[in-house]
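Single-structure report; data block below.
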Amino acid sequence: MGKDCGNHGDDDMRHVCRRLVAVLVGVAVLVGIIALIVYLVLRPTHPRFYLQDASLRQLDLSNSSGGVLSTSIQVTLASRNPNDRVGVYYDRLDVYASYKYQQITVAASLPPVYQGHGDVDVWSPVLSGPNVPFAPYLADAISQDCQAGYLILQVKIDGRVRWKVGSWISGHYHLFVTCPAFLVTNGGNGVPGANGFRFQTTTYCHVEV
């Protein structure tokens with residue numbers, strides 16, 4: 001009798017475990033279905049960024065101490081929220097310019113802003129990079145570009161965003177934006193310099209979240 005009672009106890013425990021596992025699997029499936037439905041209904045889309053203008057104010061290259069570049073450029077950036085039901089909190093937006101993957105200006109911080117459905121925001125920060133150490137091969141490259149009469153910079157944004165759906169607000173997501181800035185002159189003079197460079201066209205930015 002004692003042995004039989006022990007077997008019944010083991011059977012009951014296995015039955016409880018199977019029920020618990022079934023409940024957990026059911027909850028996981030339900031959560032997955034709800035998340036899929038929310039995604040299909042909302043279809044969140046990344047914010048869209050555009051570089052509308054870039055005005056080069058300074059571009060001075062010194063060959064002393066291995067190469068030093070001083071740059072100042074004012075840019076005009078626009079962002080649009082294409083979502084109909086999802087708002088965007090831009091909690092941090094740091095903007096800087098780079099040349100061939102080297103950062104050439106100090107990051108400028110944009111003010112935090114909430115972007116509602118279909119809203120557009122525009123910023124025009126001045127990006128400055130005084131006396132930035134510049135590798136010799138980059139100095140040669142930028143001199144050749146200026147001589148050819150064009151210059152391609154990248155305006156980049158490193159930020160943190162949150163999504164808002166109704167009263168629900170998500171956690172933070174990393175935002176990274178890259179905007180090519182095409183600058184041309186009527187004729188190159190063989191040396192870097194801001195004179196004569198003008199912004200070519202509005203460009204669409206690549207956005208990663």
Side-chain angles (χ1 to χ4, degrees), residues 38-39 41-60 68-134 142 151-184 192 194-195 197-209:
V38 171
Y39 175 80
V41 170
L42 298 178
R43 290 190 179 277
T45 302
H46 295 342
R48 294 174 182 169
F49 281 79
Y50 305 88
L51 180 63
Q52 295 183 334
D53 193 19
S55 178
L56 191 61
R57 297 180 173 182
Q58 180 186 14
L59 186 68
D60 297 329
V68 173
L69 181 69
S70 294
T71 311
S72 178
I73 180 172
Q74 183 170 16
V75 299
T76 301
L77 293 156
S79 172
R80 177 179 178 272
N81 177 11
N83 296 286
D84 293 330
R85 302 179 180 88
V86 181
V88 185
Y89 283 101
Y90 296 101
D91 293 326
R92 178 177 64 83
L93 293 174
D94 295 331
V95 187
Y96 61 93
S98 69
Y99 175 77
K100 294 188 182 297
Y101 304 104
Q102 177 175 334
Q103 183 173 338
I104 60 174
T105 70
V106 177
S109 296
L110 302 181
V113 65
Y114 171 74
Q115 195 171 65
H117 315 150
D119 286 354
V120 176
D121 288 280
V122 180
W123 304 273
S124 294
V126 175
L127 311 178
S128 299
N131 300 322
V132 176
F134 216 50
I142 202 169
L151 189 62
I152 301 176
L153 304 177
Q154 290 82 38
V155 177
K156 298 189 175 184
I157 302 175
D158 188 352
R160 300 272 284 179
V161 299
R162 290 176 295 161
W163 309 109
K164 183 177 185 296
V165 182
S167 60
W168 176 81
I169 300 175
S170 74
H172 284 99
Y173 288 82
H174 181 231
L175 173 75
F176 194 73
V177 182
T178 302
C179 310
F182 298 98
L183 303 167
V184 299
N195 292 335
F197 276 104
R198 67 182 186 278
F199 186 63
Q200 182 70 2
T201 183
T202 298
T203 54
Y204 177 73
C205 307
H206 177 69
V207 180
E208 297 179 17
V209 179

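- Scanning both residues, W163 and V86, for their nearest heavy atoms gives CE3-CG1, 3.8 Å.
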Report the C-alpha distance between Q74 and V126 in whole Å, list the side-chain angles of each, state the deciding distance to 0.1 Å, and finish with yes or no for side chain to side chain contact (heavy atoms under 4.5 Å, CB included).
CA-CA 4 Å; Q74 183 170 16; V126 175; 4.0 Å; yes

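- Looking at every heavy atom in both residues, S98 comes nearest to K156 through OG-CE, 3.5 Å.
- When each of P112, P47, P111 is paired with Y90, the side chain to side chain contact (heavy atoms under 4.5 Å, CB included) condition holds for P47 and for no other.
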Should Y99 and L69 be marked as a side chain to side chain contact (heavy atoms under 4.5 Å, CB included) after you check the CA-CA gap, both sets of side-chain angles, and the distance that decides it?
CA-CA 11 Å; Y99 175 77; L69 181 69; 5.9 Å; no

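- Side-chain atoms of T105 come within 3.5 Å of backbone atoms of A97 as a donor-acceptor pair (strictly under, hydrogens ignored).
- Annotation: side chain of H117 is not in contact with side chain of D84 (no heavy-atom distance under 4.5 Å).
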Step by step, would you call D158 with H174 a side chain to side chain contact (heavy atoms under 4.5 Å, CB included)?
CA-CA 8 Å; D158 188 352; H174 181 231; 2.6 Å; yes

Check residues 200-209 and write down every donor-acceptor pair under 3.5 Å in which the side-chain atom is one partner and the other belongs to a residue at least two apart or another chain.
unit_1: T203; atom_1: OG1; unit_2: P180; atom_2: O; d: 2.8
unit_1: H206; atom_1: NE2; unit_2: E208; atom_2: OE2; d: 3.2

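- Residues P125 and V75 are in side-chain contact: their nearest non-hydrogen atoms beyond the backbone lie under 4.5 Å apart.
- Distance check, rounded to the nearest 0.5 Å: OH of Y173 to NE2 of H46 gives 11.0 Å.
- A donor-acceptor contact shorter than 3.5 Å links the side chain of N81 to the backbone of N83.
- Side-chain contact between L183 and F199 is present, with at least one heavy-atom pair separated by less than 4.5 Å.
- Remark: the backbone N or O of G129 is not paired with any side-chain donor or acceptor of Q58 at under 3.5 angstrom.
- Atom-to-atom distance recorded for Y114:OH and I169:CD1 is 8.0 Å, nearest 0.5 angstrom.
- Between Q154 atom CD and T178 atom OG1 the span is 7.5 Å, to the nearest 0.5 Å.
- The distance from atom CD1 of I157 to atom OG of S79, rounded to the nearest 0.5 Å, is 7.5 Å.
- Taking 4.5 Å as the limit, some side-chain heavy atom of L93 sits within range of a side-chain heavy atom of L175.
- When all heavy atoms of R160 and H172 are compared, the pair lying nearest together is NH2-CB, 3.3 Å.
- Atom-to-atom distance recorded for I142:CD1 and L59:CG is 4.5 Å, nearest 0.5 angstrom.
- By the salt bridge (Lys or Arg N to Asp or Glu O under 4.0 Å) test, D94 is found to be paired with R92, residues two or more places apart in sequence or in another chain being considered.
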Take V95 and V177, measure what side chain to side chain contact (heavy atoms under 4.5 Å, CB included) needs, and give me the verdict at the end.
CA-CA 9 Å; V95 187; V177 182; over 6 Å; no

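- A search for salt bridge (Lys or Arg N to Asp or Glu O under 4.0 Å) contacts involving R162 returns D91, not counting sequence neighbours.
- From I104, atom CD1 reaches atom CD1 of I73 across 7.5 Å, with rounding to the nearest 0.5 Å.
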